[in-house]
Amino acid sequence: MEFNRLLSSAISAYGEPNLDNNNHKKKDIIEKIKPIDNKNYKLIKYVNEIDEWMKEAEEFGEIAVDTETDSLNPHEANLVGISLSTKIGKACYIPIGHKSKKCLNKKEVLNKIKPFLEDQSIKKIGQNIKFDFIVFYKNGINLNSMEDTMLMSYVLDAGKNRHNMDTLSEIHLNHKTIKFKDLVGTGKKEINFSEVDIDKAKDYAAEDADITYRLYKKFFKSLKSEKLTNIYETFEKPLIKILAFMEIEGIKVDHKFLKSLSLKFGKKIEKIQKEIFNISKKEFNIASPKQLGEIIYNDLKITDLKKTKKGSFATSASVLEDLAFKGHDFAKLVLDWRQLSKLKNTYSDSLPAHLNLDTKRVHTSFLLAATSTGRLASSDPNLQNIPIKTEDGRDIRKAFIAEKDNLLISADYNQIEMRILADLADVKELKKAFKNNEDIHSLTASQIFGVDIKKVNKDQRRKAKAINFGIIYGISQYGLAKQINVSNYEAEEFLNSYFAKFPEIKIYMDNTIKFCRKSGYVNNIFGRRSHFSSINDKNYNIRNFQERAAINAPIQGSASEIMRLAMIRLDEKLNEQKSLKSKMLLQIHDELIFEVKKSEINKMKKIIKEEMISVANSNYHSFSIPLTVDINSGYNWGVLH
DNA sequence: CCGTTCACG
DNA sequence: ACGTACGTGAACGGG
């Protein structure tokens with residue numbers, strides 16, 4: 001991610017300086033800018049002072065809202081204050097959870113503002129308003145008619161910059177905000193927001209509402225002039241509430257089972273560690289690539305020196321796998337040690353720490369504005385990268401379970417990105433194959449190796465599969481050669497015959513890059529833009545990197561849009577049929593996880609499959625090929641595939 | 001706080 | 001001559 005941000009933050013094709021990459025220059029500019037005037041920021045001292053703001057909100061039909069809490073985790077955050085803005089430059093702060101005498105009664109304030117926060121006809125404008133929604137929901141308020149400046153920025157500028165308020169304020173308002181850290185301090189001296197001086201909290205919080213409102217006015221116009229309002233309305237806004245409820249619902253995790261896994265992994269790790277030290281003849285930190293490199297290249301001298309781009313010892317899995325293949329047990333042991341350490345540290349040890357004490361479930365956060373393509377991301381904890389590829393890994397998945405009398409359902413789109421490529425690039429042979437429900441990797445193999453589809457062997461299919469993946473990633477012969485362990489020459493031959501059989505794909509790639517060079521962005525099927533401002537960079541590596549990303553973005557991005565539509569439709573279906581108790585819990589890019597009452601299983605399977613497939617035909621696009629969905633149910637996530 | 005590594009799609 | 005597969009987030013080491 002950092003690498004990508006670095007590349008995309010170089011000077012753009014149009015010469016706009018990118019703020020991320022010019023830190024000292026940025027400071028010089030900002031220092032000269034006058035702060036947004038805060039003399040109209042009002043601290044609310046009596047509950048009936050809020051009337052004025054509610055009246056204006058009703059009159060204008062919109063109001064910027066921001067919550068202050070004592071935690072970044074909305075599922076355990078206490079409401080400390082609320083700021084409102086009804087006009088540019090006019091904002092107030094209502095303290096309700098401060099440890100101070102000036103603080104208002106929380107219940108009284110919430111009762112007062114609940115009706116207008118829930119009023120359908122008044123737009124509530126926020127920055128990352130999913131956070132505020134969850135906080136309000138936990139306080140008995142169901143926010144609706146939400147607008148989100150973070151998502152507006154994301155639709156306008158995905159790939160250009162991050163979409164947090166500090167960044168947006170600097171870029172669009174030339175204003176450097178008061179930093180959260182300035183209020184609460186850092187490290188040991190860090191205090192809780194509820195302990196922050198109320199007047200300081202007022203300046204900070206009211207400014208946030210003011211800035212949010214200013215950004216909204218600006219982005220509203222930009223979306224219109226860029227003809228992107230529809231993307232924001234259709235693919236972003238509906239997801240706010242859907243994801244909020246998925247996060248609130250959470251998923252049940254068997255922490256006792258995880259503890260037993262940690263013990264098991266720990267024992268294995270210790271055993272392997274001893275074997276490693278037996279070979280190295282001394283103890284060292286296996287987790288340190290620096291120390292591991294010393295052992296491999298200086299002490300044991302297993303192989304010729306290999307270094308990373310930055311000049312440190314190369315100890316990545318691909319290097320170690322190569323050594324293991326050549327018969328070096330040491331490399332194999334390190335690989336096993338790494339895998340088990342990863343599973344223990346990142347999953348079996350850490351997931352229990354994320355259990356919510358009240359709900360006894362794990363509540364992830366889905367990020368709507370993190371990727372350049374339209375995909376979601378997940379954090380705290382990331383539930384989109386739970387292991388599956390090895391047996392030990394799959395055990396982690398088995399810790400995700402359903403409540404009593406329930407089962408989990410998983411539903412995943414089959415080969416969705418290849419299907420999109422076929423549709424997007426209008427690839428005749430691929431379209432035909434998908435319509436006939438053929439095995440796409442075998443078909444590819446038969447085409448490039450010139451054998452009958454029934455006579456394709458395993459190795460040919462494996463190579464063809466790697467090529468299909470490579471195509472989606474914006475392939476190079478060098479990358480393909482490395483991936484499937486063939487010579488550059490062979491890889492080039494494969495690609496030549498691939499493009500000869502599927503000429504439309506080459507045309508798509510060339511056209512996409514051409515369009516991006518001229519415009520600085522690419523569109524996916526549904527009209528979302530991803531920006532690649534360094535696609536004309538004079539540096540070969542930066543330029544090529546952006547070209548591959550530009551080829552990939554419409555494919556990955558269109559798939560994510562299909563999933564967004566499916567989630568919206570499924571949410572509608574579940575709300576429509578009030579008797580259904582089933583809940584959508586997780587999205588893992590091409591897969592959805594539901595928790596379902598056993599009595600509803602068959603009905604739900606039918607609904608999920610139907611809705612996911614029917615997205616192929618919507619108001620926004622009609623696919624020339626069918627979508628297919630694999631669906632499974634079981635007591636835990638590990639048995640679903 | 002950055003670089004490396006590795007978990008997923 | 002060059003030397004990377006696309007998109008993420010988390011943990012760790014080391015300065």
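Below, read A as the first sequence line, B as the second, and so on, with proteins coming before strands; counting in each chain starts at 1. The shown structure was predicted, so the numbers you read here are calculated from the model rather than taken from an experiment.
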Student: Does the side chain of A:Thr373 come under 3.5 Å of the side chain of A:Ser530 through a donor N or O and an acceptor N or O?
Tutor: no
Student: State which residues pass ring pair (Phe, Tyr, Trp, His ring centres under 6.0 Å) with A:Tyr232; sequence neighbours excluded, sorted by chain then number.
Tutor: none
Student: Given the ring of A:Phe499, does A:Lys506 sit roughly above its face, with NZ or CZ under 6.0 Å from the centre of the six-membered ring and within 45° of the axis?
Tutor: yes
Student: Within the structure, does a side-chain N or O atom of A:Ser312 lie under 4.0 Å from either OP1 or OP2 of B:dT4?
Tutor: yes
Student: Report yes or no: is there a donor-acceptor pair, N or O only, under 3.5 Å between the side chain of A:Thr371 and the base of C:dT8?
Tutor: no
Student: Under 4.0 Å between a Lys/Arg side-chain N and an Asp/Glu carboxylate O for A:Lys514 and A:Asp510?
Tutor: no
Student: Checking contacts here: which listed nucleotide (C:dA11, B:dC6, B:dG9) is nearest the side-chain heavy atoms of A:Thr346?
Tutor: C:dA11
Student: What residue among A:Asp630, A:Ile613, A:Val629 forms side-chain contact (heavy atoms from CB on, under 4.5 Å) with A:Tyr413?
Tutor: A:Val629
Student: For residues 417-425 of chain A, dump all side-chain donor-acceptor pairs below 3.5 Å to protein atoms at least two apart in sequence or in another chain.
Tutor:
residue	atom	partner	partner atom	Å
A:Arg419	NE	A:Asn414	O	2.8
A:Arg419	NH1	A:Pro626	O	2.8
A:Arg419	NH2	A:Thr628	OG1	3.1
A:Asp423	OD1	A:Ser624	N	2.9
A:Asp423	OD1	A:Ser624	OG	2.7
A:Asp423	OD2	A:His621	NE2	3.0

Student: With sequence neighbours excluded, what pairs up with A:Asn356 under the side-chain contact (heavy atoms from CB on, under 4.5 Å) test?
Tutor: A:His75, A:Asp358, A:Thr359, A:His363
Student: Across the strands shown, which category fits A:Asn385 at heavy-atom distances under 4.0 angstrom: base, sugar-phosphate, nothing?
Tutor: base
Student: Are OP1 or OP2 of C:dA10 and a side-chain N or O of A:Ser350 less than 4.0 angstrom apart?
Tutor: no
Student: Regarding A:Ile472, tell me which of base, sugar-phosphate or nothing describes its non-hydrogen contacts under 4.0 Å with the strands shown.
Tutor: nothing
Student: Just checking A:Ala466: base, sugar-phosphate only, or nothing, at a heavy-atom cut-off of under 4.0 Å?
Tutor: base
Student: Rounding to an integer number of Å, can you tell me how far A:Phe532 CZ sits from C:dT4 P?
Tutor: 19 Å
Student: Compare the minimum distances between each of C:dA10, C:dG7, C:dT4 and the side chain of A:Phe545, then state the nucleotide with the smallest one.
Tutor: C:dG7
Student: My understanding is that only residues two or more places apart in sequence, or in another chain, count here; which of them pass salt bridge (Lys or Arg N to Asp or Glu O under 4.0 Å) with A:Asp329?
Tutor: none
Student: Give the rounded distance in Å between these two atoms: CG of A:Leu383 and C1' of C:dA10.
Tutor: 12 Å
Student: Please give, in whole Å, the distance from C:dC6 C1' to A:Asn524 CG?
Tutor: 15 Å
Student: Base, sugar-phosphate, or nothing for A:Gln291, non-hydrogen atoms under 4.0 angstrom?
Tutor: sugar-phosphate
Student: Would you classify A:Gly474 as touching base, sugar-phosphate or nothing, given that sugar-phosphate means primed atoms plus P, OP1 and OP2, and contacts are heavy atoms under 4.0 Å?
Tutor: nothing
Student: Output the rounded distance in Å from CH2 (A:Trp637) to P (B:dG9).
Tutor: 9 Å
Student: For A:Arg529, which residues count as a salt bridge (Lys or Arg N to Asp or Glu O under 4.0 Å) partner, sequence neighbours excluded?
Tutor: A:Glu226
Student: May I ask you to say what A:Ser378 touches in the nucleic acid, namely base, sugar-phosphate or nothing, with a heavy-atom cut-off under 4.0 Å?
Tutor: sugar-phosphate
Student: Establish, with yes or no, whether the OP1 or OP2 oxygen of C:dA5 is under 4.0 angstrom from a side-chain nitrogen or oxygen of A:Gln477.
Tutor: no
Student: Compare side-chain N and O positions of A:Arg338 against OP1 and OP2 of B:dC6 and report whether any pair is under 4.0 Å apart.
Tutor: yes
Student: Would the A:Phe235 and A:Phe526 ring centres measure less than 6.0 Å apart?
Tutor: yes
Student: For C:dA11, take OP1 and OP2 only and decide whether either is under 4.0 Å from a side-chain N or O of A:Lys344.
Tutor: no
Student: Can you figure out which of C:dA11, B:dA7, C:dT4 approaches the side chain of A:Tyr347 most closely?
Tutor: B:dA7
Student: Can you check the A:Asp630 CG to B:dG9 P distance for me, whole Å?
Tutor: 13 Å
Student: According to a 3.5 Å limit on both distances, what stems of 3 or more consecutive Watson-Crick or G-U pairs are formed with DNA chain C?
Tutor: B:1-9 with C:6-14
Student: Applying a 4.0 Å non-hydrogen cut-off, can you work out what A:Ile388 is touching in the nucleic acid: base, sugar-phosphate, or nothing?
Tutor: sugar-phosphate
Student: Can you list everything that forms a salt bridge (Lys or Arg N to Asp or Glu O under 4.0 Å) with A:Asp148? Sequence neighbours excluded, please.
Tutor: none
Student: Taking 4.0 Å as the cut-off, does a side-chain nitrogen or oxygen of A:Asn285 come that near to OP1 or OP2 on C:dC12?
Tutor: no
Student: Which is true for A:Ser476 with a 4.0 Å heavy-atom rule: it touches a base, it touches only sugar-phosphate, or it touches nothing?
Tutor: base
Student: Rounding to an integer number of angstrom, what distance separates B:dC6 and C:dA5 when you compare their P atoms?
Tutor: 14 Å
Student: Checking side-chain polar atoms at under 3.5 Å, does A:Glu561 have a donor or acceptor matched by the opposite partner on A:Asn524?
Tutor: yes
Student: Select one nucleotide: of C:dA5, C:dG9, C:dG13, the one nearest the side-chain heavy atoms of A:Ser288.
Tutor: C:dG13
Student: Using whole Å, what does the distance between atom C1' of nucleotide C:dG9 and atom CG of A:Leu351 come to?
Tutor: 13 Å
Student: Would you measure the distance from the C1' atom in C:dC2 across to the matching atom in B:dT5 and give it in whole Å?
Tutor: 25 Å
Student: Looking across every strand, which nucleic acid part, if any, lies under 4.0 Å from A:Asp380 by heavy atom: base, sugar-phosphate, or nothing?
Tutor: sugar-phosphate
Student: Give A:Asp590 one of three labels, base, sugar-phosphate or nothing, depending on what nucleic acid heavy atoms sit under 4.0 Å from its own.
Tutor: sugar-phosphate
Student: Tell me which residues in residues 480-506 of chain A put a heavy atom below 4.0 Å from DNA chain C, sorted by number, or none.
Tutor: A:Leu480, A:Lys482, A:Gln483
Student: Across the strands shown, which category fits A:Gln339 at heavy-atom distances under 4.0 angstrom: base, sugar-phosphate, nothing?
Tutor: sugar-phosphate
Student: Answer with base, sugar-phosphate or nothing: what part of the nucleic acid does A:Lys310 contact at a heavy-atom distance below 4.0 Å?
Tutor: sugar-phosphate
Student: So, do A:Tyr498 and A:Phe502 have ring centers that fall under 6.0 Å from each other?
Tutor: yes
Student: For A:Tyr154, give me all partners under ring pair (Phe, Tyr, Trp, His ring centres under 6.0 Å), at least two apart in sequence or on another chain.
Tutor: A:His163
Student: What's the closest nucleotide to the A:Ala370 side chain, out of C:dA11, C:dG9, C:dA5?
Tutor: C:dG9
Student: Closest approach to the side chain of A:Ala287, judged atom by atom: which nucleotide of C:dG13, C:dG7, C:dG3 is it?
Tutor: C:dG13
Student: Could you tell me the separation between the OH atom of A:Tyr478 and the P atom of C:dC6, rounded to a whole number of Å?
Tutor: 13 Å
Student: If you look at every strand shown and take non-hydrogen atoms under 4.0 Å, does A:Leu367 touch a base, only sugar-phosphate, or nothing?
Tutor: sugar-phosphate
Student: At under 4.0 Å, does any side-chain N or O of A:Arg375 touch on OP1 or OP2 of C:dG7?
Tutor: no
Student: Below the 4.0 Å mark, does C:dG7 have OP1 or OP2 next to a side-chain nitrogen or oxygen of A:Ser560?
Tutor: no
Student: Under 5.5 Å between ring centres and under 30° between planes: true for A:Phe469 and the base of C:dA5?
Tutor: no
Student: Which one, C:dG7, C:dA5, B:dA7, comes nearest to the side chain of A:Tyr473?
Tutor: C:dA5
Student: Reckon A:Arg397 touches a base, only the sugar-phosphate, or nothing at all at heavy-atom distances under 4.0 Å?
Tutor: sugar-phosphate
Student: So does A:Thr315 get a side-chain nitrogen or oxygen closer than 4.0 Å to the phosphate oxygens (OP1/OP2) of B:dT5?
Tutor: yes
